[in-house]
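This one's a predicted model, so the numbers in the text were calculated from it and none came from an experiment.
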Amino acid sequence: MAEISAGNAEDLQSQIEEIEALSSIYMDEWCVIDEASRIFCIKISNDLEKPKLTACLQIILPPDYPSAAPPIYQINAAWLRGIHRVKLENSLEELYIENVGQSILYLWVEKIREFLVEKSQITETVGEAERANMTTEEEEEDEELPDLRTLKLNTEELHLFMNHDTGEEVPPVQHGTSITDRRSTFQPHLAPVVTPRQVKMVLDKLYENKKIASATHNIYAYRIYCEDRQSFLQDCEDDGETAAGGRLLHLLQILDVRNVMVVVSRWYGGVLLGPDRFKHINNCARSVLVQEGYAPTTDEAARPGGKSKKAKGKKSR
């Protein structure tokens, strides 16, 4: 126990020194959210004088960071979606792996800033029509507030997301029937998952498909049942379609499915759909869950006794 305590003391000292350095470097951009819980936030922009793109990096420093664990992080940026988010997150993970045991936050912040600069330069070269297609159907929102609910993952779960080579195979991905309404097309995809790492593997696999990678939004949600804790590990992603991920996760909860993730790709056609877009996203998700046996058909659900046995999910897959 003495060695563990000594290690934690060294980590704490390293954290204090790193935070002091970051505070002096970034000044007003650096924000302390909850010092006792080691939760911090930094606003990053492509240009300090004339910012065109900004992102908010929120972090929690685990007790064994930097010696043994990475920071728990979340990037908030309404414009950061799809393959661009995956690319940035992968670059942060690669930086961590290259610098295991060292303070990493400054490198992360500058990597994000570098990404913003490149992205802003690309944005300046695209036409107005293409820029319009990149925006969400909602009006531009104010700067996103820290989402501490999703940020407060424990360190053990974060390690499960890290892209280490474990020999784990990518789960099989099934594709459902698409729905088209006023030139917008929605298509669902489904994969069985039992670890958060598999969630990331499925996303990486989907983004290898150029058509899926080019979608305006790739909304997803997953639910994994942890037998040892008798509880669910679940999360969702709007991918720029505000509130869509939460609605999709709510559908999975209502259907009581487990060990599965659903991704719904939307290609925006230029016509606003209003609330109908949420209906199409959930209808797509429901159809692929029925198709793959994770949810009952309408007839099965109407029978006495309610849901079919399949509604719990394919545990054996």
*Without hydrogens or angle criteria, can the side chains of Y65 and E18 be said to hold a donor-acceptor pair below 3.5 Å?*
yes

*asked:* Using side chain to side chain contact (heavy atoms under 4.5 Å, CB included), reason through L273 and F186 one step at a time and then give a plain yes or no.
replied: CA-CA 12 Å; L273 302 186; F186 303 79; 3.7 Å; yes

*Output, in order, the C-alpha distance, side-chain angles, deciding distance and verdict of side chain to side chain contact (heavy atoms under 4.5 Å, CB included) for H84 and L88.*
CA-CA 6 Å; H84 300 293; L88 178 56; over 6 Å; no

_Tell me whether R85 contacts the main-chain N or O of I75 through its side chain, where contact means a donor paired with an acceptor under 3.5 Å._
yes

*Are the side chain of R38 and the backbone N or O of L61 linked by a donor-acceptor pair below 3.5 Å?*
no

_Connected via hydrophobic side-chain network under 4.5 Å: I25 and V117_ = no

*Measuring from E94:CD to I97:CD1, what's the distance to the nearest 0.5 Å?*
7.0 Å

*E292 side-chain N/O to Y294 backbone N/O, donor-acceptor pair under 3.5 Å*: no

_Keeping S23 on the side-chain end and I19 on the backbone end, is there a donor-acceptor pair under 3.5 Å?_
no

*Would you mind reporting whether Q234 and I224 have side-chain heavy atoms less than 4.5 Å apart?*
no

*Kindly give the heavy-atom pair with the smallest separation between Y268 and T216, and that separation in Å.*
N-OG1, 2.9 Å

*asked:* Less than 4.5 Å apart, side chain to side chain, heavy atoms only: is that true for L255 and Q253?
replied: no

*Would you say the side-chain atoms of N218 pair up with the backbone N or O of I212, donor to acceptor, closer than 3.5 Å?*
yes

*Candidate pair D28 and K43, rule salt bridge (Lys or Arg N to Asp or Glu O under 4.0 Å), full reasoning*: CA-CA 9 Å; D28 292 342; K43 183 178 179 181; over 6 Å; no

*Would you please test N259 and V193 for side chain to side chain contact (heavy atoms under 4.5 Å, CB included) and show each step?*
CA-CA 5 Å; N259 299 339; V193 292; 5.8 Å; no

*For the side chain of Q198 and the backbone of V194, is there at least one donor-acceptor N/O pair under 3.5 Å apart?*
yes

*For I39, does its backbone N or O pair with a side-chain atom of D34 as donor and acceptor, under 3.5 Å?*
no

*Which atom pair, heavy atoms only, marks the closest approach of L249 to Y222?*
CD1-O, 3.8 Å

*For the residue pair N76 and Q74, confirm or rule out a side-chain donor-acceptor distance under 3.5 Å.*
yes

*If every non-hydrogen atom of A221 is compared with every non-hydrogen atom of G245, which pair is closest and at what distance?*
CB-O, 4.3 Å

*Is a side-chain donor or acceptor of D239 paired with a backbone partner of H217 at a separation under 3.5 angstrom?*
no

*Between F232 and I254, is there a shared hydrophobic cluster once you connect ILVMFWY residues whose side-chain heavy atoms come closer than 4.5 Å?*
no

_Could you measure the distance from the CG atom of N283 to the NE2 atom of H280? Nearest 0.5 Å is fine._
8.0 Å

_Charged N-O contact under 4.0 Å between R223 and D235_ = no

*Can you tell if the side chain of E10 reaches within under 4.5 Å of the side chain of Q13, non-hydrogen atoms only?*
no

_A295 to R286 - nearest heavy-atom pair and separation_ = CB-NE, 4.3 Å

*Any side-chain heavy atom of I60 sitting closer than 4.5 Å to one from P71?*
no

_Can you confirm whether I104 sits close enough to P70 that some side-chain heavy atom of one is under 4.5 Å from a side-chain heavy atom of the other?_
no

*Ignoring hydrogens and angles, tell me if any N or O in the side chain of R247 forms a donor-acceptor pair with the backbone of A244 under 3.5 Å.*
no

*L289 and L252: side chain to side chain contact (heavy atoms under 4.5 Å, CB included), yes or no, with the steps?*
CA-CA 9 Å; L289 286 165; L252 302 187; 3.6 Å; yes

*Hey, are the side chains of S103 and E17 touching, using non-hydrogen atoms and a 4.5 Å cut-off?*
no

*Gap separating the SG atom of C31 from the CD1 atom of I42, nearest 0.5 angstrom*: 10.0 Å

*State the CD-CD distance between Q174 and Q291, to the nearest 0.5 angstrom.*
7.0 Å

*Would K211 count as a cation-pi partner of W267, with NZ or CZ less than 6.0 Å from the six-membered ring centre and within 45° of the ring normal?*
yes

*Atom of C226, atom of L233 and distance for their closest heavy-atom approach*: SG-CB, 4.0 Å

*Nearest 0.5 Å, what's the CG-CG distance between L95 and N90?*
11.5 Å

*asked:* If we count only N and O atoms by modelled type, under 3.5 Å, do the side chains of S184 and R266 hold a donor and an acceptor together?
replied: yes

*asked:* Is the shortest side-chain heavy-atom distance between M261 and V202 below 4.5 Å?
replied: yes

*Taking C-beta and beyond as the side chain, do I44 and Y26 meet within less than 4.5 Å on heavy atoms?*
no

*Aromatic rings H189 and H175: how do their planes relate, parallel, tilted or perpendicular, breaks at 30° and 60°?*
perpendicular

_With rounding to the nearest 0.5 angstrom, report the CD1 to CD distance, I281 to Q187._
13.5 Å

*asked:* Under a 3.5 Å distance rule, please check whether Q15 uses its side chain to pair with a backbone N or O of P62 as donor and acceptor.
replied: yes

*asked:* Quiz question: by atom type and distance under 3.5 Å, do the side chains of T185 and T180 form a donor-acceptor pair?
replied: yes

*Can you name the nearest heavy-atom pair linking Q102 to P66, along with the distance?*
O-CB, 3.5 Å

